[in-house]
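Starting from 1, each residue takes its place in the sequence as its number.
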Amino acid sequence: MFVHFLFRPDWGEPPVDRDSLDPYAWLESLSSQGVLMRSLLDRPDTKLQFAGHETFPCRYGWLKKSFDAIDLACDEEDRRRVFSAEAAIAGFGVGKNMVSSMRHWALACGVLEVQSTKGKVSDFETTRLGRIILGLGDPYLERPASLWALHWKLVSNPGRATAWYYAFNEFNEAIFSREVLANKIVARLDDLRSAGLLAGSRIARATVERDVECLVRTYVPRTGARAGAEDSLECPFAELGLIGLLAGVGAVQFRRGPKPSLPDAIFAFALIDFWQTHYPSRGSLTVETVTHEPGSPGRVFLLDEDSIVERLERIETVTGKALVWDESTGLRQVSARSMVGTLDAEDILERHYAPMEMAA
């Protein structure tokens, strides 16, 4: 089976001079030494999803329109009908495929959630994250904080946007072509099938290629002669500057490093969410874990280790001393003063947006 690699501090420091390598080269060097890392795709309870976006990146206004339609619906029956073909086309003023895409992005970005009964959709509900951002705090996504929080929900787990998760969390190329990323995803799926984790699945290469193309358009606005008028209104996530085009070579590049527009409150929200999801029994996490583990803030936000340390040094203030920076044991780590499961990550978001609501 294909094996993913990363340093785990409890196994001892591998003999690599990290200061002489960029983060992606460091990951590749660990790979050659057989140092394993946890892959969320290997978990038997992980559900993978490809497609659903109908080739459309999430467009400006879609999340707000989807959120409002569910929030304002009178009852369960009305909520179920929001994304049905006839009602949605009339209500949203877009075609059937775009309606399906709007539904997909609202669920993938965590502003709506679906309730199912015997495998069938029985209801839609707004989430707490959706109410915090789209309900009151920043309904038109005018603040970078909102886009960073939604990006976190989209990318940090493989659930509804598996290609997006894989690209940010388990793909270790800094510069790559669309073909290379598609090849890696297809190979990873083949390995999962060989391990019996995708028995009976029929995910075609063409589906993966469409996901990769949509992923790039999610973070890179389309430009040039082929770009239409609507392309300039494509995806708000392009504002984050996470992926750039390399002109003339047909490749794209992850922009890893400091992220000045990422508020400490959003970083803290993501850190607690990561901690509670993957390491709920741990009292501390090392800098390496927060920077490099799949699903971590470092991977999702493309932060380098120095940027992670700078933010962890401020974490005590942001979390009201619930989390503290700790070097007392000789390890650089962040520690929780109580069980991390008792912390409320979204409460940090509410406090971040509260002054904005008062100003409005």
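Distance check, rounded to the nearest 0.5 Å: CG of Leu134 to CG of Leu150 gives 6.5 Å. With rounding to the nearest 0.5 Å, the separation of OG1 in Thr342 from CZ in Arg337 is 13.5 Å. Note that CD of Glu125 is 9.0 Å distant from CD of Glu76, once rounded to the nearest 0.5 Å. Rounded to the nearest 0.5 Å, atoms SG (Cys58) and CZ (Phe237) are 5.5 Å apart. Note that CZ of Arg188 and OH of Tyr166 are 7.0 Å apart. Values are rounded to the nearest 0.5 Å. The structure places CG of Leu154 at 8.0 Å from CZ of Phe168, a figure rounded to the nearest 0.5 Å.
Looking only at distances, a side-chain donor or acceptor of Thr218 sits under 3.5 Å from a matching main-chain atom of Cys214. Remark: side-chain polar atoms of Asn157 are not paired, donor with acceptor, to backbone N or O of Gly159 under 3.5 angstrom. Judged by distance alone, with hydrogens and angles left aside, the side-chain atoms of Arg160 form no donor-acceptor pair with the main-chain N or O of Ala108 at under 3.5 Å. Side chain of Trp275 to backbone of Val290: no donor-acceptor contact under 3.5 angstrom is found.
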Original post:
Please walk me through it: do Phe124 and Phe83 pass ring-ring contact (aromatic ring centres under 6.0 Å, His included)?
Top reply: CA-CA 10 Å; Phe124 290 95; Phe83 295 107; 5.3 Å; yes

Subject >> Trace of the side chain to side chain contact (heavy atoms under 4.5 Å, CB included) decision for Val324 with Val334 >> reply: CA-CA 6 Å; Val324 295; Val334 56; over 6 Å; no

Subject >> Working for salt bridge (Lys or Arg N to Asp or Glu O under 4.0 Å), residues Arg193 and Asp190 >> reply: CA-CA 5 Å; Arg193 288 192 193 94; Asp190 288 342; 2.9 Å; yes

Original post:
Can you list the steps and then say if Ile132 with Leu136 is a side chain to side chain contact (heavy atoms under 4.5 Å, CB included)?
Top reply: CA-CA 6 Å; Ile132 292 170; Leu136 291 172; over 6 Å; no

Original post:
Can Asp68 and Lys64 be said to form a salt bridge (Lys or Arg N to Asp or Glu O under 4.0 Å), step by step?
Top reply: CA-CA 6 Å; Asp68 284 349; Lys64 175 62 173 171; 3.1 Å; yes

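Under the 3.5 Å distance criterion, with hydrogens and angles disregarded, no donor-acceptor pair is assigned to the side chains of Trp62 and Ser66. For the 3.5 Å distance criterion, the side chains of Arg131 and Thr126 qualify, holding a donor opposite an acceptor. Between the side chains of Tyr353 and Ser146, at least one donor-acceptor pair of N or O atoms lies under 3.5 Å. Side-chain contact, Asp304 with Ser307: a donor N or O sits under 3.5 Å from an acceptor N or O.
A salt bridge links Glu213 with Arg178: at least one charged nitrogen is closer than 4.0 Å to a carboxylate oxygen. Look at Arg351 and Asp347 and you find a salt bridge, because one of the NZ, NE, NH1 or NH2 atoms lies within 4.0 Å of a carboxylate O, short of that distance. A salt bridge does not link Arg332 with Asp326: every distance from a Lys NZ or Arg NE/NH1/NH2 to an Asp or Glu carboxylate oxygen is 4.0 Å or more. Under the 4.0 Å criterion applied to side-chain N and carboxylate O atoms, Asp123 and Arg80 are not assigned as salt-bridge partners.
At most 12 non-hydrogen atoms from other residues, nucleotides or ligands lie less than 6.0 angstrom from CD of Glu179. Counted within 6.0 Å of CZ on Arg81, heavy atoms from surrounding residues, nucleotides or ligands total 12 or fewer; the atom is thus considered open.
Minimum interatomic distance between Thr127 and Leu112 (heavy atoms only, all atoms of both residues): CG2-C, 3.7 Å.
Judged by a 6.0 Å distance limit and a 45° cone about the ring axis, Arg256 is not positioned over the six-membered ring of Phe254.
Only one option out of Phe267, Phe301, Trp164 pairs with Trp152 in a ring-ring contact (aromatic ring centres under 6.0 Å, His included); it is Phe301.
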